[in-house]
Amino acid sequence: MSLVDHSRARRWDIFCAVVDNYGDIGVTWRLARQLAAEHGLRVRLWVDDPHSLVRLYPGVDAVAMAQTRQGVELRRWLRPFPEQEAHDVGDVVVEAFACELPAAYLNAMAARKPQPCWINLEYLSAEDWVAGCHGLTSPHPRLPLTKRFFFPGFTTATGGLLRERDLLARRDRFRGDDRARAALWQFLGVPEPAPQQFTISLFGYENPALGGLLAAWSEGGEDILCLVPEGRLLGDVSAFFGATAEVGVSFRRGRLELRVIPFVDQDAYDRLLWVCDLNFVRGEDSFVRAQWAGRPLVWHIYPQEQDAHWPKLRAFEDLYCAGLAPAAARALADFWEAWNRGEGAGAAWAGFRAHRAGLEAHAADWARRLARQEDLAAALVRACDSPV
Ligand code: TRH
């Protein structure tokens, strides 16, 4: 039972436009849940495409106009935004990833007394400029409103990363709990890996480098179990094995066993990351969750126009590899480069794998160090409690 009296709590409105700008529903859903659960806030999450949420949390009704799930009031963001929806503006308004707030809602924000705290939640980047831009404000060109830019990040000069209060404790308890691990394998429809199998989760965008990597794994010196969630990599898996890769299918070639697993809810996906020895992740949210797993990871960054993603990738590598032995750092950079370029990952694998022990110790240490920083939800609440 909740000890918080939610009826008197401050109300937050979070807007996420999935259709317009591919706003990251994974991040906003996680943030909304945490604000409600840990900060006792009344949170409304406005989403233009609730279908996108069903995969992350199957309890969501994709067509309902309003529903409450996991303490969050989920509202369908219609276009045009109905005038009558705009009268009830939250104490805090978060526009996620620069989505454009409905004009009627903006007008209502300007008229509200006191005015709401208006936040633009930005994408995650490890680049240096982020620290200088975090917290900057920008007046609306027409209305008497000021928005504040909030940048997630990896240092204390930024807004931090999403991390639920008990995340690392839950992770460690799970790892020590045979029954919980067995339940996960059963849920995934996968027999428990043999002790000598090196277990890899593989989530990413289409990648022409996959065939070469799977060949290296099948011909390598160790048994590998590779788990591929349903999604954009399945075409490349099918091409390699010459057969359709779909949920429930398993393949064997040489030392490699590959199983296609269902796309599971966010909490189960966390457990998958915790149980694997190495995690391939992508985008923003899975990338952060793999860091909290404290195990080595490979990041497929979302490719942007004019190669804008490369400086972002390198900035993170520089930060992450500080303190790592130079040879291990080089092997990591080579492998990540090959994976993101879409060629040469098979050739770079042996070098990466040779540094297993160093990379494992480093990943655990990185998670410990990051966890000393304030988490993003707490930092946002603090920012909104202090005047601009
Ligand atoms: O979906 P993504 O590719 O997201 C990206 C980023 O937000 C990127 O910045 C943006 O520009 C681009 O979209 C368009 O990858 P990401 O961020 O990892 O989101 C995937 C979500 O799916 C994440 O919340 C984890 C979740 N997930 C599950 O819940 N279950 C699963 O089985 C898997 C594989 C993932």
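Starting from 1, each residue takes its place in the sequence as its number. Since the structure is predicted, the reported quantities are computational estimates derived from the model, not experimental observations. Atoms within a ligand are numbered from 1 in the order they appear, just like the ligands themselves.
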Those atoms of ligand 1 less than 4.0 Å from some heavy atom in D285 | 16 (P), 17 (O), 18 (O), 23 (C), 24 (O), 25 (C)
L124, portion touching ligand 1 at heavy-atom distance under 4.0 Å = neither
For atom 5 (C) of ligand 1, which of Y205, Y57, Y123 has the closest heavy atom?
-> Y205
Among V43, V89, D88, find the residue that satisfies the side chain to side chain contact (heavy atoms under 4.5 Å, CB included) test when tested with R11.
-> D88
Taking the six-membered ring for Trp and the single ring otherwise, decide whether the centroids of F154 and F316 are under 6.0 Å apart.
-> yes
Return a yes/no value for R282: is any of its N or O atoms, backbone included, closer than 3.5 angstrom to an N or O of ligand 1?
-> yes
Close N or O approach (E284, ligand 1; < 3.5 Å) = yes
Flag for E85-W77: side-chain donor and acceptor within less than 3.5 Å = no
Report the part of P229 in contact with ligand 1, treating N, CA, C, O as backbone and CB onward as side chain, heavy atoms under 4.0 Å; options are side chain, backbone, both, neither.
-> side chain
With a cut-off of 3.5 Å and sequence neighbours excluded, list every side-chain donor-acceptor pair involving residues 342-358.
residue, atom, partner, partner atom, Å
R353, NE, E222, OE2, 2.6
R353, NH2, E222, OE1, 2.8
R356, NE, E360, OE2, 2.9

Output for pair (K147 NZ, T137 OG1), nearest 0.5 Å, gives 11.5 Å
F203, W299, Y302: member with heavy atom nearest to atom 34 (C) of ligand 1 = F203
Atoms of ligand 1, numbered as shown, that sit under 4.0 Å from any heavy atom of D265 = 29 (O)
Look at ligand 1 and say whether W29 reaches it with a heavy atom at a distance under 4.0 Å.
-> no
Electrostatic pair D267:R170 at N-O distance under 4.0 angstrom | no
One finds that the ligand 1 atoms under 4.0 Å from a non-hydrogen atom of G26 are 24 (O)
Name the atoms and distances for all side-chain donor-acceptor pairs under 3.5 Å in residues 187-198, with sequence neighbours left out.
residue, atom, partner, partner atom, Å
Q196, NE2, D223, OD2, 3.3
Q197, OE1, A194, N, 3.0
Q197, NE2, E257, OE1, 2.8

